[in-house]
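When a ligand or atom number is given, it counts from 1 through the structure's own listing order.
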Amino acid sequence: MFELKHVTYRNILDIPELRLEKGKITSILGESGSGKTTLLRLLNKMISCNSGEIRYDDQPLQNIPSIELRSNVVMLPQQPVIFSGTVRDNLLIGLKFARKDLVDDDTLGQILQMVHLNKGLEEDGDKLSGGEKQRLALGRVILLDPEVYLLDEPSSALDEETEKIIIEELVAHSRKNHKTLIMVTHSRGIAEKYSDAIVRIHDGKIVEREDVD
Ligand SMILES: Nc1ncnc2c1ncn2[C@@H]1O[C@H](COP(=O)(O)OP(=O)(O)OP(=O)(O)O)[C@@H](O)[C@H]1O
């Protein structure tokens, strides 16, 4: 799915070789500042490597238009953006940006249930708590139905319950629908519990790659 060869980014990342498998759940494990978020940002072309090559489904990223790539590879950032407008607007905006077909309120209601967000579609997105905003953003990316989810560890400001919901829902959804999930965490426990493979980064270098039984 993703193949990196001789990739460097500033003095932050230096990755001679890395493969991230299709249909699998991979955790990127490492301490704060080790380069985990930077790696995710390289994968959906928010930033570009300074040297080396990243391929997605055998195509170099520089040959794939950013909009096309980001409709297949969707990132849920640490602190997602919530737009002013209703819960409905915030769910649909991803589909609008991606120029995908919109969905009806019944489908939106099912998504809200899936992400454990007990709010009406007419409610104001701005007024939600941090954890609720994170779950709303999760609903937005699930609606996009991409091939790959990139999950950056939810902000440490969030409650553990929200973090658990987000990881467990995305893991269950990815397994059921044969999606690829690449998630960043600093917790070995989370990585071992949920993933098929663990990639450990230390100071911008990959120091371990293991398959989990
Ligand atoms: N655009 C940038 N310009 C300069 N330095 C940057 C930039 N982005 C990140 N860095 C630095 O690169 C290093 C890695 O950052 P990154 O956000 O990838 O780490 P992380 O492992 O995700 O950390 P955390 O777990 O705290 O989120 C940090 O030292 C950070 O300050």
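- If you check the side chains of H6 and E53, you find no donor sitting under 3.5 Å from an acceptor.
- Of the protein's non-hydrogen atoms, G33 O, 3.4 Å is the one closest to atom 14 (C) of ligand 1.
- At least one side-chain heavy atom of R140 sits under 4.5 Å from a side-chain heavy atom of F83.
- For E169, the side chain to side chain contact (heavy atoms under 4.5 Å, CB included) test picks out M114, H116, L138, I165, with sequence neighbours left out.
- Ring pair H173/Y149 is perpendicular by interplanar angle, where above 60° counts as perpendicular and below 30° as parallel.
- Nearest protein neighbour of atom 26 (O) of ligand 1, counting heavy atoms only, is S32 OG, 2.6 Å.
- Protein heavy atom nearest atom 27 (O) of ligand 1, with residue, atom name and distance: Q78 NE2, 3.2 Å.
- For atom 31 (O) of ligand 1, the nearest protein heavy atom is 4.0 Å or more away.
- For atom 2 (C) of ligand 1, the nearest non-hydrogen atom of the protein is R10 NH1, 3.7 Å.
- Residue contact annotation: S34 has a non-hydrogen atom under 4.0 Å from ligand 1.
- Hydrophobic clustering places L20 together with L40 (ILVMFWY residues linked when any side-chain heavy atoms are closer than 4.5 Å, directly or through intermediates).
- For E68 (side chain) and P65 (main-chain N/O), no donor-acceptor pair under 3.5 Å exists by modelled atom type.
- K36 places no side-chain N or O within 3.5 Å of a backbone atom of I201 that could act as its donor or acceptor partner.
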Next item on the list: I would like to know whether T185 and Y194 meet side-chain contact (heavy atoms from CB on, under 4.5 Å); could you show each step before the answer?
Entry: CA-CA 11 Å; T185 180; Y194 296 106; over 6 Å; no
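- Summary of contacts: the protein heavy atom closest to atom 18 (O) of ligand 1 is T38 OG1, 2.5 Å.
- Only the side chain of I12 comes within contact range of ligand 1, with a heavy atom under 4.0 Å; no backbone atom does.
- Residue, atom and distance of the protein heavy atom nearest to atom 25 (O) of ligand 1 are K36 NZ, 2.7 Å.
- Ligand 1 lies less than 4.0 angstrom from a heavy atom belonging to E31.
- For atom 22 (O) of ligand 1, the nearest non-hydrogen atom of the protein is T37 OG1, 2.6 Å.
- Distance from atom 19 (O) of ligand 1 to its nearest protein heavy atom, with residue and atom name: G35 N, 3.3 Å.
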